[in-house]
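Beneath this line is the structure, given in structure tokens, with notes to follow.
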Amino acid sequence: MEKGCATKETAIHSAKRDTGCIGFRKIVVPEEFLKTRSNPEKTQKVIGFVKRTGYLDEPLTIDKESKVLKDGYRRYVVAKIIKMDQLPVVYEY
């Protein structure tokens, strides 16, 4: 897996679900997510984790076909802030 695309749960997720990496710009964020504001304290904790470890704590969940984000908006925001190119994902069908 590419650097920045792994998660600490990669092996577990890979064994149980369809996982992969996707380019940040390919993810479609639904309007309802865009209308919300992530908790700044929790966002900073995730940023700190990524800076310490080099990866997200969990993959984002996206729709396999449409690439619409289903879960992980805070991780998406963190990836945007720290300019991650590739993100780990779990595909939902």
Side-chain angles (χ1 to χ4, degrees):
M1 223 176 243
E2 293 179 35
K3 185 176 183 198
C5 196
T7 68
K8 70 177 182 178
E9 303 295 329
T10 299
I12 294 168
H13 289 304
S14 296
K16 297 179 181 177
R17 299 187 259 176
D18 187 8
T19 63
C21 291
I22 188 171
F24 178 84
R25 294 176 189 253
K26 292 183 179 180
I27 297 173
V28 179
V29 181
E31 188 72 27
E32 57 267 18
F33 282 140
L34 295 174
K35 290 179 181 178
T36 64
R37 184 169 176 259
S38 292
N39 178 309
E41 290 177 17
K42 290 181 180 180
T43 301
Q44 283 303 315
K45 284 184 179 183
V46 178
I47 289 171
F49 179 85
V50 173
K51 286 184 176 181
R52 279 191 319 277
T53 64
Y55 55 82
L56 291 171
D57 58 341
E58 291 184 47
L60 285 69
T61 302
I62 64 169
D63 181 83
K64 178 83 171 179
E65 296 297 317
S66 66
K67 308 297 187 259
V68 171
L69 182 67
K70 299 292 186 175
D71 186 48
Y73 183 60
R74 182 181 337 278
R75 292 177 302 252
Y76 174 87
V77 169
V78 167
K80 183 176 183 177
I81 290 169
I82 63 173
K83 297 178 173 62
M84 293 177 76
D85 293 325
Q86 295 286 313
L87 303 177
V89 295
V90 172
Y91 293 108
E92 186 176 272
Y93 293 92

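Note that this is a predicted model, so its numbers are computed, not measured. Hydrogens, waters and symmetry mates are skipped; everything else that's a heavy atom, side chains included, is used.
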Identify each donor-acceptor pair in which a side-chain atom of residues 34-48 lies under 3.5 Å from a protein atom, sequence neighbours left out, and give them as a table.
| unit_1 | atom_1 | unit_2 | atom_2 | d |
| --- | --- | --- | --- | --- |
| T36 | OG1 | F33 | O | 2.7 |
| N39 | OD1 | E41 | N | 2.8 |
| N39 | OD1 | K42 | N | 3.1 |
| T43 | OG1 | N39 | O | 2.9 |

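- Side-chain contact between I62 and Y91 is present, with at least one heavy-atom pair separated by less than 4.5 Å.
- By the criterion of side-chain heavy atoms lying less than 4.5 angstrom apart, applied directly or through intervening Ile, Leu, Val, Met, Phe, Trp or Tyr residues, L87 is not grouped with V28; the two fall into different hydrophobic clusters.
- There is a path of hydrophobic side-chain contacts, each under 4.5 Å, that joins I22 to I81.
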Would you tabulate the side-chain donor-acceptor contacts of residues 66-79 under 3.5 Å, counting partners in other chains and residues two or more places apart, or write 'none'?
| unit_1 | atom_1 | unit_2 | atom_2 | d |
| --- | --- | --- | --- | --- |
| S66 | OG | D63 | OD2 | 3.0 |
| S66 | OG | V68 | N | 3.3 |
| K67 | NZ | K64 | O | 2.7 |
| R75 | NE | E58 | O | 3.4 |
| R75 | NH2 | P59 | O | 3.3 |

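- F24 has its side chain within reach of K80: a pair of non-hydrogen atoms, C-beta onward, lies under 4.5 Å apart.
- Across all their heavy atoms, Q86 and C21 have their closest contact at OE1-CB, 3.8 Å.
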